[in-house]
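The structure appears right after this line, and notes come after that.
The structure displayed is predicted, hence computed values, not measured ones. Because only heavy atoms are used, hydrogens play no part in the values below, and waters and symmetry mates are left out as well, while side chains stay in.
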Amino acid sequence: MNKMSIHHKKRVYLLFLCSLFGILSVYLIDAGRLFGFDFVEGVETVAEMDNLPQTLKDYEGYLDISVHELSLSDAGDLKLYVNGDKAYYFLPACARMEEMLFRFDEDMYDVVIDGVAVASGDMLAAYEPGRAYDMHIISKRQGVQEGMDCTLTLMQSESLPAVFIETLGDIEELNESLDNEDQGEFICVLADGSIDSQGFLAKMNSRGNASFAKAEKKSYQIRFFESTDVLHMGSAYKYILQANALDPTYLRNKIVYDYCKEIGVPYMADSLHVDLYLNGEYAGNYLVCERVEFGDSRIAVENGYLLEKMMSGRIQEDDVAFQVEGMEDFIVREPLEVSEEEAAYICDYMNMVEQKIASCTTKEAYEELKKYIDVESFADMYLIDAVTNNIDSNIASTFYYKLSEEEGGKLYAGPYWDYDNAFARHDRGYIAELCAYPSGYSEELFAVRQFRELVVDQFNKSAGPVMQRYIDEVVPSMDDYLQASRKMDICRWEAKGHHGDLYSTYEEAYPYLLVYMQKRLDLVEDFLNHYESGAYHRVVFVNTSSIGYLDTEYWVKDGGAIPEEVIREVGDRFYCKEFLNENGKVYRREPIREDIILYGNKYEEL
């Protein structure tokens with residue numbers, strides 16, 4: 001297989017880097033590729049090449065019957081994907097049919113398309129993307145021939161950049177464990193065929209929690225040897241390749257990242273959809289993102305702290321973690337090396353902030369609190385939580401950063417990350433009036449009139465109108481932009497399936513996304529602008545046990561009762577069967593005339 005051939009001067013520099021790190025094997029293997037060799041445990045693959053599946057019957061996967069574009073030699077070969085009686089070439093937007101040729105080992109395969117025998121080296125100029133062809137493949141394994149008939153379709157993306165990564169090892173090994181890692185070569189090609197960026201990867205590994213466990217399409221983190229500017233995001237070492245495998249619309253993360261940037265949230269991650277190819281195999285539609293971290297082109301903070309709210313079960317042994325009363329566990333993400341004194345300082349600071357928020361009942365207390373936190377950023381967090389109704393907010397991937405004393409010393413909420421569970425992707429969010437997320441700092445601050453006024457002002461001036469424009473214009477435009485790439489991704493992964501809890505297909509999920517976004521936005525607008533007059537009330541459900549979900553809210557109109565489905569839903573989150581009011585009586589769907597607190601009761605034994 002043809003491997004990428006990045007400029008010689010970069011190969012020389014890589015040799016220097018590898019010698020510094022004691023990993024000369026990277027250069028030796030790559031240098032071999034210059035002469036057309038590939039290596040597996042030191043043995044030339046050409047001598048042992050036997051990548052044929054045991055049988056072509058009901059086969060799903062890639063075959064080494066590749067196509068190659070002469071003008072994009074750095075991008076390597078693109079393999080044939082087979083799923084039963086259907087076969088596909090997934091072509092990037094930059095591919096030009098008149099410059100593409102077939103490339104395969106004729107000792108391993110015979111290929112016939114529409115009754116005409118195809119030889120390795122034949123051009124594809126006469127083939128049309130989107131048209132179906134009859135294809136017959138004969139594989140040859142140790143003298144035994146096996147044939148299969150299928151329909152061949154050439155699918156091509158439109159407008160999107162393409163990212164090609166060649167790893168030293170097998171991608172399947174990366175996909176098996178979050179602990180596995182590899183090295184490789186990276187190139188990003190724009191739709192017009194020009195090279196955006198390229199370089200050597202010091203590390204590539206799978207990432208994710210629920211998405212890694214549930215989906216075969218994995219997300220990845222990559223780290224370059226040299227700081228690299230990918231898609232004009234600013235030069236950095238690390239990037240994230242988000243698979244969006246749990247979101248059948250492919251849009252939720254991109255929507256929220258861009259929305260937050262537009263309403264003025266500082267240091268939001270840049271992101272752009274691409275078509276990703278791993279070792280010649282189309283991996284699908286991905287979102288290339290900046291990583292949430294300190295850096296000149298990321299979060300431009302010096303000598304401060306980057307904190308992430310984290311579920312206790314996900315904290316790793318080498319994480320610097322601490323607890324805050326009412327908010328539970330945090331991890332120190334920056335600085336990377338934290339002394340005991342620094343860990344104690346930030347723990348004390350966060351607990352002090354929590355105490356000041358909890359006791360913020362007067363204007364004077366609110367003004368005092370403003371010395372320690374940036375209240376505008378906390379108002380943004382309240383609005384982003386409310387509008388997106390993301391189930392992970394205040395549980396995990398919820399970030400705060402604290403400036404050094406030289407920079408003012410305040411704590412800021414944000415930036416925002418990981419929103420594939422927003423807008424009722426998960427069935428926990430289907431009741432629009434019920435917050436799918438537990439209460440955090442900003443929800444606690446909503447009890448303060450001055451903070452509420454700030455929230456309403458920011459919503460009416462920016463957050464609300466911008467989200468309405470997203471629903472009306474931006475999201476449909478995003479969806480149209482992804483159309484060709486999305487179709488390829490669906491063909492690639494339809495055998496594996498999406499894991500949308502409410503809707504698992506794009507045809508169902510996309511219309512529902514727009515409907516839910518509008519429904520939730522209308523509710524937030526009505527609630528915020530009429531809460532002060534008493535037209536709405538907050539019902540805070542409190543989990544009094546140590547298991548299950550954290551406290552959450554339900555918004556009810558004055559005189560309304562809490563529906564039975566809400567009681568059941570929150571009861572399922574808390575593992576309890578009923579709720580008591582502040583007088584210790586069981587709530588029986590009485591009309592709500594004021595803000596109330598309901599406490600979980602009769603907990604199930606797990």
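For the pair Ile384 and Cys260, the tightest heavy-atom approach, listed with the atom from each and the gap, is CD1-SG, 3.5 Å. Among all heavy-atom pairs drawn from His426 and Asn421, the shortest one is CB-OD1, 4.1 Å. Of all the heavy atoms in Leu434 and Arg520, the pair that sits closest is O-NH1, 4.1 Å. Counting all heavy atoms, side chain and backbone alike, Phe212 lies closest to Ser206 at CE1-CB, 3.7 Å. Here the shortest heavy-atom pairing between Pro476 and Tyr510 reads CA-OH, 3.3 Å. Of all the heavy atoms in Ser159 and Ala93, the pair that sits closest is N-CB, 3.5 Å.
Here the two rings, on Tyr81 and Phe90, have centers that are under 6.0 Å apart. Checked against the 6.0 Å centroid threshold, Tyr277 and Phe164 count as a close aromatic pair. Residues Phe224 and Tyr237 keep their aromatic ring centres 6.0 Å or farther apart.
Side-chain contact check for Ser235 and Ser227: at least one donor-acceptor pair (N or O, by modelled atom type) lies under 3.5 Å. Checking Glu185 against Gln198 by side-chain atom types alone, no donor-acceptor pair falls below 3.5 Å. Side-chain contact annotation: Gln483 with Asp479, donor-acceptor N/O pair under 3.5 Å absent. Between the side chains of His68 and Asp77, at least one donor N or O sits under 3.5 Å from an acceptor N or O. Donor-acceptor pairing under 3.5 Å is lacking for the side chains of Glu106 and Ser120.
Atoms CG and NZ, from Asn175 and Lys218 in turn, are 6.5 Å apart once rounded to the nearest 0.5 Å. Separation of atoms CD1 (Ile65) and CG (Leu63) is listed at 5.0 Å; rounding is to 0.5 Å. Distance check: Ile113 CD1 to Met135 CE gives 4.5 Å after rounding to the nearest 0.5 Å. Arg298 CZ to Glu290 CD: the interatomic distance, rounded to the nearest 0.5 Å, is 4.5 Å. Separating the CD1 atom in Ile431 from the CG atom in Asn389 is a distance of 10.5 Å, to the nearest 0.5 Å. Here the straight-line distance linking atom CG of Leu80 with atom SG of Cys150 works out to 7.0 Å at 0.5 Å rounding.
Both tests do not hold together for Lys140 against Tyr109: distance to the six-membered ring centre under 6.0 Å, angle to the ring axis within 45°.
When atom types are taken as modelled, the side chain of Asn253 and the backbone of Tyr257 share no donor-acceptor pair closer than 3.5 angstrom. For Tyr59 (side chain) and Tyr62 (main-chain N/O), a donor-acceptor pair under 3.5 Å exists by modelled atom type. In this structure, Lys519 contributes its side chain and Ala432 its backbone to no donor-acceptor pair below 3.5 Å. Looking only at distances, no side-chain donor or acceptor of Ser477 sits under 3.5 Å from a matching main-chain atom of Val475. A donor-acceptor pair is defined here as one N or O able to donate and one able to accept, closer than 3.5 Å; such a pair exists between the side chain of Gln183 and the backbone of Ala202. No side-chain donor-acceptor contact under 3.5 Å links Glu308 to the backbone of Ala396. When atom types are taken as modelled, the side chain of His136 and the backbone of Met148 share a donor-acceptor pair closer than 3.5 angstrom. In terms of modelled atom types and a separation under 3.5 Å, the side chain of Glu60 and the main chain of Asn83 share no donor-acceptor contact. Counting only distance, with no hydrogens or angles, the side chain of Gln156 and the backbone of Pro92 share a donor-acceptor pair below 3.5 Å. Not a single donor-acceptor pair under 3.5 Å links the side chain of Ser197 to the backbone N or O of Cys188.
Only one option out of Asp196, Asp192, Val230, Leu272 pairs with Pro161 in a side chain to side chain contact (heavy atoms under 4.5 Å, CB included); it is Leu272. Partner Gln221 forms a side chain to side chain donor-acceptor pair (under 3.5 Å) with one of Arg291, Gln242, Arg207 and no other, that one being Arg291. Here the options are Arg425, Arg252, Lys254, the test is side chain to side chain donor-acceptor pair (under 3.5 Å), and the partner is Asp247; only Arg252 passes. Remark: of the listed residues Leu482, Asn244, Leu514, Leu287, Leu482 is the sole one forming a side chain to side chain contact (heavy atoms under 4.5 Å, CB included) with Leu251.
Enclosure of atom NZ in Lys487 is not indicated, since only 12 or fewer non-hydrogen atoms of other residues, nucleotides or ligands lie within 6.0 angstrom. Open room surrounds CD on Glu158; 12 or fewer heavy atoms of other groups in view lie less than 6.0 Å from it.
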Under 3.5 Å, sequence neighbours excluded: what are the donor-acceptor pairs made by side chains of residues 124-134?
residue	atom	partner	partner atom	Å
Tyr133	OH	Glu128	N	2.8

Residues Asp275, Ser485; criterion side chain to side chain donor-acceptor pair (under 3.5 Å); working and verdict
CA-CA 7 Å; Asp275 291 298; Ser485 176; 2.6 Å; yes
Report the C-alpha separation of Leu78 and Ser66 in whole Å, then their side-chain angles, then the decisive distance to 0.1 Å, and conclude whether the side-chain contact (heavy atoms from CB on, under 4.5 Å) test is met.
CA-CA 5 Å; Leu78 306 180; Ser66 302; 5.8 Å; no
side-chain contact (heavy atoms from CB on, under 4.5 Å) between Asp319 and Arg333, intermediate numbers included
CA-CA 8 Å; Asp319 286 333; Arg333 291 301 188 193; 3.8 Å; yes
Assess the residue pair Asp489 and Lys217 against the criterion (salt bridge (Lys or Arg N to Asp or Glu O under 4.0 Å)); give the C-alpha distance rounded to whole Å, side-chain angles, the decisive distance to 0.1 Å, and a yes or no.
CA-CA 10 Å; Asp489 187 284; Lys217 182 186 177 189; 2.6 Å; yes
Check step by step if side-chain contact (heavy atoms from CB on, under 4.5 Å) holds for Ile165 and Asn279.
CA-CA 6 Å; Ile165 295 177; Asn279 297 339; 5.7 Å; no
From CA spacing to verdict: side-chain contact (heavy atoms from CB on, under 4.5 Å), Cys289, Trp417:
CA-CA 10 Å; Cys289 309; Trp417 179 254; 3.8 Å; yes
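For the pair Ser194/Val189, no side-chain contact is recorded, criterion being any heavy-atom separation below 4.5 Å from C-beta on. Looking only at side-chain heavy atoms (C-beta outward), Tyr282 and Cys491 stay at 4.5 Å or farther from each other. Using a 4.5 Å heavy-atom cutoff, the side chains of Met108 and Ser139 are not in contact. Counting only heavy atoms from C-beta outward, the side chains of Arg492 and Tyr88 never approach each other to under 4.5 Å. Under the 4.5 Å side-chain criterion, counting only non-hydrogen atoms from C-beta, Asn285 is not in contact with Arg486. By the 4.5 Å heavy-atom criterion applied to side chains, Tyr239 and Leu201 are not counted as neighbours. Residues Met478 and Asp258 meet the side-chain proximity criterion, which asks for heavy atoms closer than 4.5 Å. Taking the side chain as every heavy atom from C-beta outward, Asn390 and Asp385 never approach each other to under 4.5 Å.
Using a 30° and 60° split on the angle between ring planes, Tyr516 and Tyr512 fall in the tilted class, from 30° to 60°.
A salt bridge links Asp270 with Lys261; the closest basic N to acidic carboxylate O contact falls under 4.0 Å.
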